[in-house]
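FYI, side chains are in, hydrogens and waters are out, and symmetry mates aren't considered; it's all heavy atoms of this structure.
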Amino acid sequence: MSMAKYRSIFRQCTLQLRAAPRAVTRSIRPCLYNPRRTYASSVAASELKFGQPLHETHPHILSPGELTPGITALEYAQRRSRLANKLPVGAVAILAASEVTYHAPGIFHEYRQDSNFLYLTGFKEPNALAIIANDGSGDNHIFHLYVREKDSKAELWDGARSGTQAATDVFNADETGNIESIGDILPKIVAGATEIYSDIPSVGARSSLHRYLYGPTVASERLKKYIDHRKVKPLKSILNGMRVFKSENEVVHLRQLGQASGRAFTDSMRQTFDLEKQLSSFLEYNFKLNGCDGSAFVPVVAGGQNALSIHYTRNDDALRDGDLVLVDGGGELGGYISDITRTWPVNGKFSDPQRDLYNAVLNVHRTCLALCRETANLSLDKLHGIAENGLKDQLKQLGFDLSGNAMNILFPHHVGHYIGLDVHDCAGYSRGYNLKAGQCITIEPGIYVPNDERWPAHFRGIGIRIEDSVCIGDEHPIVLSPEAVKEVDDIEALRG
């Protein structure tokens, strides 16, 4: 039997077994993959410690077969296979995990995995390297995953690691090893590669991976010898083209995330707060209470004229009776994000000017949402033009003079962006392409009226933005965050 055929059969067996109890999987997989490796098949995974949740250890988080919430081991393997098929035969793609960053010596920030690395592996630990090779066997590929080895002393301080055994048994790597030895391993892998696709910086990087690759001198010299930098090409554009189209599992997951985040917004609108930081804390608490891992980004909680700053995140001011508060936030779960903005009265009741301006934005928001379908044949840039023209019409009816650069001042940002694993997903992917079914975006028209004599007096100092996450459907949009109420009557009824 050829090695390609062997790997294909092996991969299908192990991916199917991923849904079975780990003790069963372990009793079979070592025999399939490496007859010489001994492994304690009688030990269940639920009795072991890993560097991230598994279904066997955290059934309240993951369903059978899932590596991360909503995404199965099979889907991760299919992503790697699709990537391999986009590479020339004999080419390899190399990706590095995110590094741990520090607030101060010994005080680390919360860790977040590199989005491309997570998208292809499901592995959420630092100091890891993934290599995906097109071995010329059609739909198959070779998946290398090099990780930190188990280390009881280090794990005493920093928590459990999954280790190299789990890289094979859980994350379905064909080849694995200790990341500390990558300086010896990588040159052998890339020596015969026809092309290398990677976005890892090779010069001046200050990371432990750079240390593994480029120091000591022996490893550096080996890489210089084996890597022909004329072969290195960017990987990002290939992955952007994959990530921008969401699978059915991803859309379902984003919808659940939008539901949880939207409910947190509506619950926040029901409350009365005196300070921005109180509202911010309540919102983030409810993200977690509704099942999210936490916030996708530092939320904007901008009372009154603070809303005129698009990315106001100080959240340290008082909330004043008679003002509006603009809140931009969203939950994160399994690496995926939600992005929602709502604007509502601090006291629960819109004034007449606030209601008029709010409905102007809401009307445009509704129009753009309805166009989030493939049959509309529109790009994000075209939607932006529709939003800008719609806001012009609405503002003229409210007495605004829109001559000159008025719209650049009143509506200074784009109407939307792609979302998924990142808030601004697939950075660099053009907003000029027509939107297709399976792509997920935001729709967020806004109006920000400076406290300036150029504008009608009763609207000065008001900032309003309304944003939903939405998935492009064939003929109808799939709004991901409808649980966050946005009609004037509904908002006022929350405290009625």
Exercise. With rounding to the nearest 0.5 Å, note down the distance linking CD1 in Ile466 to OG1 in Thr341.
Key: 9.5 Å
Quiz item: How about Glu444 and His417: does a side-chain donor come under 3.5 Å of a side-chain acceptor?
Solution: yes
Quiz prompt | Contact list for residues 271-293, test salt bridge (charged side-chain N to carboxylate O under 4.0 Å, His left out), sequence neighbours left out | solution = none
Quiz item: How would you list all residue pairs meeting salt bridge (charged side-chain N to carboxylate O under 4.0 Å, His left out) that involve residues 114-127, not counting sequence neighbours?
Solution: Glu125-Arg148
Quiz item: Is the closest side-chain heavy-atom distance between Arg431 and Ser379 below 4.5 Å?
Solution: no
Self-check item: Salt bridge Arg314-Asp316, side-chain N to carboxylate O under 4.0 Å
Solution: yes
Quiz item: Does Asn249 use its side chain to pair, donor to acceptor, with the backbone of Ile71 at less than 3.5 Å?
Solution: no
Exercise. Would you please say whether a donor-acceptor pair under 3.5 Å links the side chains of Ser481 and Asp468?
Key: yes
Quiz prompt | Side chains of Glu66 and Thr72, donor plus acceptor under 3.5 Å | solution = no
Self-check item: Contacts of type side chain to side chain contact (heavy atoms under 4.5 Å, CB included), residue Phe282, not counting sequence neighbours
Solution: Asp267, Ser268, Gln271, Phe273, Asn286
Exercise. Heavy atoms only: give me the nearest Ser338-Ala296 pair and the separation to one decimal.
Key: O-CB, 4.0 Å
Quiz prompt | Student check: side-chain heavy atoms of Cys368 and Pro445 closer than 4.5 Å | solution = no
Quiz item: Does Thr101 offer a backbone N or O that forms a donor-acceptor pair with the side chain of His109 under 3.5 Å?
Solution: no
Exercise. Output all residues satisfying salt bridge (Lys or Arg N to Asp or Glu O under 4.0 Å) with Arg255, sequence neighbours left out; order by chain, then residue number.
Key: Glu483
Exercise. Please identify each residue that fulfils side chain to side chain contact (heavy atoms under 4.5 Å, CB included) with Gln354, with sequence neighbours left out.
Key: Leu324, Phe350, Ser351, Ile462
Quiz item: Taking the side chain as C-beta and beyond, is there a heavy-atom pair between Leu129 and Ile179 under 4.5 Å?
Solution: yes
Quiz item: Using 30° and 60° as the class limits, which term best fits the ring planes of His413 and Phe411: parallel, tilted or perpendicular?
Solution: perpendicular
Quiz item: Quick one: which of Val479, Val470, Ile478 gives a side chain to side chain contact (heavy atoms under 4.5 Å, CB included) with Cys372?
Solution: Val470
Quiz item: Leu319 and Gly303: which non-hydrogen atoms are nearest, and at how many Å?
Solution: CD2-CA, 3.8 Å
Quiz item: Does the Ser430 side chain pair with the main chain of Gly432, one donor and one acceptor, at a distance under 3.5 Å?
Solution: yes
Quiz item: Is it true that the side chains of Glu195 and Tyr197 contain a donor and an acceptor less than 3.5 Å apart?
Solution: yes
Quiz item: Any donor-acceptor pair under 3.5 Å linking the side chain of Tyr111 with the backbone of Ser98?
Solution: yes
Practice problem: Taking all heavy atoms of Leu48 and all of Thr57, pick out the closest pair and write down the distance. | Solution: O-CG2, 4.1 Å
Quiz item: Can you find a pair of side-chain heavy atoms, one from Leu83 and one from Arg79, that are under 4.5 Å apart?
Solution: no
Practice problem: For the pair Arg342 (side chain) and Ala484 (backbone), establish whether a donor and an acceptor sit closer than 3.5 Å, ignoring hydrogens and angles. | Solution: yes
Self-check item: Charged N-O contact under 4.0 Å between Glu332 and Arg112
Solution: yes
Quiz item: Which residue pairs pass the salt bridge (charged side-chain N to carboxylate O under 4.0 Å, His left out) test with at least one member in residues 155-165, sequence neighbours excluded?
Solution: Lys150-Glu155
Exercise. Mind checking the CG-CD spacing from Leu480 to Gln259? Nearest 0.5 Å is all I need.
Key: 11.0 Å
Quiz prompt | Ser247 OG to Glu75 CD distance, which is reported to the nearest 0.5 Å | solution = 3.5 Å
Self-check item: Smallest separation among heavy atoms of Gly258 and Ile340, with atom names
Solution: O-CD1, 4.3 Å
Exercise. Establish, from distance only, whether the side-chain atoms of Glu149 and Asn178 form a donor-acceptor pair under 3.5 Å.
Key: no
Practice problem: Can you sort out the partners of Lys246 under side chain to side chain contact (heavy atoms under 4.5 Å, CB included), two or more places apart, ordered by chain and number? | Solution: Glu250, Val251, Leu254, Asp425, Cys440
Quiz item: Would a 4.5 Å heavy-atom cut-off, applied to side chains only, mark Ile196 and Lys233 as touching?
Solution: no
Quiz item: Who passes side chain to side chain donor-acceptor pair (under 3.5 Å) against His384, sequence neighbours left out?
Solution: none
Quiz item: Can you tell me how far CG of Leu120 sits from OH of Tyr76, rounded to the nearest 0.5 angstrom?
Solution: 9.5 Å
Quiz item: Rounded to the nearest 0.5 Å, how far apart are CG of Leu239 and CG of Asp199?
Solution: 7.5 Å
Quiz prompt | Val327 and Leu279, any side-chain heavy atoms less than 4.5 Å apart | solution = yes
Quiz item: Looking at residues at least two apart in the chain, or sitting in another chain, which of them share a side chain to side chain donor-acceptor pair (under 3.5 Å) with Thr272?
Solution: Arg495
Quiz item: Are side-chain heavy atoms of Ile441 and Leu435 found at a separation under 4.5 Å?
Solution: yes
Exercise. Answer yes or no: is there a donor N or O on one side and an acceptor on the other, between the side chain of Ser261 and the main chain of Gly331, under 3.5 Å?
Key: yes
Quiz item: Do any N or O atoms from the side chain of His414 and from the backbone of Gly416 form a donor-acceptor pair under 3.5 angstrom?
Solution: yes
Quiz item: Do Ile142 and Ile132 have side-chain heavy atoms sitting under 4.5 Å apart?
Solution: no
Practice problem: Without swapping roles, check the side chain of Asn315 against the backbone of Val301 for a donor-acceptor pair under 3.5 Å. | Solution: yes
Self-check item: Results of side chain to side chain donor-acceptor pair (under 3.5 Å) for Ser469 - residues two or more places apart only
Solution: none
Self-check item: Non-neighbouring partners of Arg465 that pass side chain to side chain donor-acceptor pair (under 3.5 Å), sequence neighbours left out
Solution: Asp328, Tyr448
Self-check item: Shortest non-hydrogen separation from Phe143 to Ala130 and the atoms involved
Solution: CE1-CB, 4.1 Å
Quiz item: Taking all atoms of both residues into account, what is the closest heavy-atom pair of Phe265 and Trp344, and its distance?
Solution: CD2-CZ3, 4.3 Å
Quiz item: Strictly by modelled atom types, are Tyr146 and His144 linked by a side-chain donor-acceptor pair under 3.5 Å?
Solution: yes
Self-check item: With Tyr429 via ring-ring contact (aromatic ring centres under 6.0 Å, His included) - residues at least two apart
Solution: Tyr418, Tyr433
Quiz item: Are more than 12 heavy atoms from other residues, nucleotides or ligands located less than 6.0 Å from atom CZ of Phe108?
Solution: no
